Amino acid sequence: MIPYGKQEINQQDIDAVIDVLKSDFLTQGPKLPAFERALSDYTGAQYAVAVNSATSALHIACLALGLGEGDWLWTSPITFVASANCGLYCRAKVDFVDIDPKTYNLCPVKLEQKLIEAKATGRLPKVVVPVHLCGQPCDMQAIHALAQAYGFKVIEDASHAIGGRYQDKPVGCCEYSDITVFSFHPVKIVTTAEGGAAMTNDAELAQKMALFRSHGVTRDASLMTKEPHGPWYYQQVELGFNYRMTELQAALGISQMGRLDEFTVARHKLAVRYNQELAGLPLVTPYQLDGTYSGLHLYVIRLEEDVIKGSHKAVFEMLRARGIGVNLHYIPVHTQPYYQQMGFDWGDFPEAESYYRQAISLPMFHAMTQVQQDEVIQVLTDILQGEL
Ligand SMILES: *Cc1c(COP(=O)(O)O)cnc(C)c1O
């Protein structure tokens, strides 16, 4: 099976991890701040808080922004469930804004319409989480303007987008957001096995997120509310968690960050070739918003179902049966049983549901060979031209 995604680990990555195993610190040592510096240097954001997953990063980002009971968090229905669940962790309520039919990202026009309605009913969101689906940056300038007008905070879920650019600045610089979150899960662009990070330019948010990462406990006397008892003293000032990233993970991350641009270029080469070779088929290849450079975590096609002979499901099953490890990103979050219990249902976000009926993620990863890509193209062509 040709997988849809796969990590790229070289000898330098392996050596970096082994060095940590032989060192004094397996956790809470010098690699974590060095990894955070690498993330700051790459993106231009002043602060990075690296944690054990993007899910944790989303959670501490929401907490640092003060999201809580009675508040609303809005996100896109086409995302991994974590982009919405982070609101529920904080006991906030979650709602969705339907996607743009071309970019598949949260639509700023629909966002504005929904904000106008929410203002009238006193249900404005405290936090909006735009997701850079497949690595394509959202229209952040438009979202930022709405944040200013309606007073909400913005967390970019850039789990797919490290290495991408918006208006020629790196995704993660937080020019148009309060916080940007990355994922380093193995299937993403750079990996730390499990891992994530929250980027920000706000010193106070960075400090709060660092506290929430580690039990809400501090050894910094300036953060304490009571006098320290002595040099052994630590103080709990918040209810935090253990969301720490290990030194092994941070060392792997540092090593991987050195090859990020190489990874992104390789993905773009594969995408260009897919775009060319699939052009004549009854499907839609990815659209690129002006002024953006995608991180290209995923290459998603949409089938023109009224043209093809089989159904979306049949095409998907045939691809898998012929060894092409396709996938589907994502099942609209509002249709998940857990969210349906809250009152959401099919029909709530029609563009998201239409996307779901047509989308297929094709294999794309750094080490993918031309032979493997030819195989994907050939099998897909055979299936769509009804020659099977
Ligand atoms: C992968 C992913 C997450 C969660 O990342 P983890 O590091 O696995 O917690 C969140 N949001 C999106 C859009 C993702 O793709």
Side-chain angles (χ1 to χ4, degrees), residues 3-7 35 39 48-63 73-90 94 96-97 99 103-106 127-138 140 143 154-164 171-172 177 179-199 209 212-213 241-246 248-250 252-253 256-257 267 294-300 327-334 336 338-339 352 355-356 359 361 364-365:
Y4 90 87
K6 188 171 184 265
Q7 70 273 17
F35 179 46
L39 293 170
V49 179
V51 287
N52 60 358
S53 72
T55 304
S56 302
L58 286 163
H59 186 192
I60 60 172
C62 288
L63 289 171
L73 175 144
W74 292 1
T75 188
S76 168
I78 298 296
T79 184
F80 186 55
V81 291
S83 319
N85 287 345
C86 57
L88 302 181
Y89 295 161
C90 302
V94 168
F96 304 92
V97 179
I99 62 168
T103 64
Y104 318 146
N105 281 333
L106 183 150
V127 172
V128 173
V129 183
V131 181
H132 306 316
L133 194 76
C134 305
Q136 161 147 258
C138 293
M140 289 310 299
I143 293 168
V154 178
I155 302 173
E156 295 174 69
D157 184 342
S159 293
H160 298 183
I162 197 167
V171 170
S177 64
I179 297 169
T180 301
V181 165
F182 293 130
S183 172
F184 307 119
H185 182 278
V187 89
K188 307 285 162 70
I189 298 161
V190 297
T191 190
T192 61
E194 294 279 2
M199 314 300 299
M209 291 193 289
F212 285 120
R213 163 175 64 187
F241 306 87
N242 182 349
Y243 282 169
R244 291 190 300 258
M245 172 179 271
T246 68
L248 292 93
Q249 291 169 304
L252 180 54
Q256 289 258 307
M257 280 303 289
R267 287 174 180 278
S294 180
L296 262 177
H297 163 50
L298 298 172
Y299 188 90
V300 171
N327 219 310
L328 208 174
H329 302 89
Y330 291 92
I331 303 160
V333 179
H334 69 282
Q336 292 289 352
Y338 194 83
Y339 280 82
Y355 165 91
Y356 176 55
S361 307
M364 193 172 68
F365 48 93

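Throughout, numbering of the chain's residues begins at 1 and tracks the sequence. Remember, it's 1-based here, ligands and their atoms both numbered in the order they're listed. Predicted, not measured: the structure shown is a model, and the values here were computed from it. Below, each value reflects all heavy atoms present in this structure, side chains not excepted, and no hydrogens, waters or symmetry copies.
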Practice prompt. Looking only at distances, please establish whether an N/O atom of ligand 1 is found under 3.5 Å from an N/O atom of Thr79.
Written response: no

Worksheet item: Hey, is the main chain of Ala82 close enough, under 3.5 Å, to the side chain of Thr55 for a donor-acceptor pair?
Response: no

Worksheet item: So is Lys188 polar-close to ligand 1, meaning N/O to N/O under 3.5 Å?
Response: yes

Worksheet item: So which heavy atom in the protein is nearest atom 15 (O) of ligand 1, and how far is it from that ligand atom?
Response: His160 NE2, 2.7 Å

Worksheet item: Where does the angle between the aromatic ring planes of His297 and His329 fall among parallel (under 30°), tilted (30 to 60°) and perpendicular (over 60°)?
Response: perpendicular

Item to complete: Return the option from His185, His59, His329 holding the heavy atom at the smallest distance from atom 8 (O) of ligand 1.
Response: His185

Practice prompt. Could you tell me whether Tyr330 approaches ligand 1 through its side chain, its backbone, both or neither, with non-hydrogen atoms closer than 4.0 Å?
Written response: side chain

Worksheet item: Can you say whether the rings of Phe96 and Tyr339 are parallel (under 30°), tilted (30 to 60°) or perpendicular (over 60°)?
Response: perpendicular

Item to complete: Kindly compute the distance separating OH (Tyr4) from CG (Leu298), expressed to the nearest 0.5 Å.
Response: 6.5 Å

Item to complete: Give the C-alpha distance, both sets of side-chain angles, the deciding distance and a yes or no for side chain to side chain contact (heavy atoms under 4.5 Å, CB included) between Phe212 and Val49.
Response: CA-CA 10 Å; Phe212 285 120; Val49 179; over 6 Å; no

Discussion item. Distance alone, cut at 3.5 Å: any donor-acceptor contact between the side chains of Glu156 and Ser177?
Written reply: yes

Fill in: Expected output: side-chain Asn105 to main-chain Leu133 donor-acceptor under 3.5 Å
yes

Item to complete: Do me a favour and list the nearest non-hydrogen protein atom to atom 11 (N) of ligand 1 with residue, atom name and distance?
Response: Asp157 OD2, 2.7 Å

Item to complete: For Ser53, counting its heavy atoms only, list the atoms of ligand 1 lying under 4.0 Å from any of them.
Response: 7 (O), 9 (O)

Worksheet item: Under a 4.0 Å heavy-atom limit, does Thr55 contact ligand 1 with its side chain, its backbone, both, or neither?
Response: both

Fill in: Atoms of ligand 1, numbered as shown, that sit under 4.0 Å from any heavy atom of Gly195
7 (O)

Fill in: For ligand 1, the portion of Val131 having any non-hydrogen atom under 4.0 Å away
side chain

Worksheet entry | Part of Ala54 with heavy atoms under 4.0 Å of ligand 1, whether side chain, backbone, both or neither | both

Discussion item. So if I count the atoms of ligand 1 from 1 in the order they appear, which ones are less than 4.0 Å from some heavy atom of Ser159?
Written reply: 2 (C), 3 (C), 10 (C), 11 (N), 12 (C), 13 (C), 14 (C), 15 (O)

Item to complete: To the nearest 0.5 angstrom, please state how far the NE2 atom of His132 sits from the OG1 atom of Thr103.
Response: 11.5 Å

Discussion item. Would Ser83 count as a contact residue for ligand 1, given that I'm defining contact as a non-hydrogen atom of the residue lying under 4.0 Å from a ligand atom?
Written reply: yes

Worksheet item: How far apart are the C-alpha atoms of Ile189 and Arg267, what are their side-chain angles, what is the distance that settles it, and do they pass the side chain to side chain contact (heavy atoms under 4.5 Å, CB included) test?
Response: CA-CA 9 Å; Ile189 298 161; Arg267 287 174 180 278; 4.0 Å; yes

